[in-house]
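So the structure is just underneath, and the comments pick up after that.
Just so it is clear, the structure is predicted and the values come from calculations on it, not from any experiment. In this chain, numbering begins with 1 at the start of the sequence shown.
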Amino acid sequence: MTGETYVLLSSAVTFGVPLVLAVLQLRGLGPSARGGEEPPPPPVIAPLPRPLPDCLLPRPVARPAATRVRILEDA
C-alpha cells in the first residue's frame, strides 16, 4: 500500500465516520421531511415500577423490653 493510499484511508476512517454520524444526528433533529412544522410527539411515559413483594418489604425490628428500670438518685 502506498503512502498516499494509507493517508487517504486513515483520514477517511478518522474523520469520515464521526462526520457521517454527526450528519445523521443533525438530520434527525430538523423539521420533518414532509416540509411543515408539526407539533412534537407526546412524551413517552414510562410505566411505574411494580411494588415489592411482601417477602422483600423491610419489617420493623421490635426492640427488646428493658429488663431493669433504672432509677436516678440525687448525687
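Hydrophobic cluster membership for Leu57: Leu52, Leu56 (Ile, Leu, Val, Met, Phe, Trp, Tyr linked by side-chain heavy atoms under 4.5 Å, directly or transitively). The hydrophobic cluster containing Val20 also includes Leu24, under a criterion of side-chain heavy atoms closer than 4.5 Å among ILVMFWY residues, counted directly or through chains of members.
Listed by chain and number, the residues in a side-chain contact (heavy atoms from CB on, under 4.5 Å) with Ile45 amount to none (sequence neighbours excluded). Residues forming a side-chain contact (heavy atoms from CB on, under 4.5 Å) with Leu21 (at least two apart in sequence, or on another chain): Val17. Not counting sequence neighbours, the partners of Thr5 by the side-chain contact (heavy atoms from CB on, under 4.5 Å) test are Met1, Thr2, Leu9. Residues passing the side-chain contact (heavy atoms from CB on, under 4.5 Å) test with Ile71: none are found, sequence neighbours excluded.
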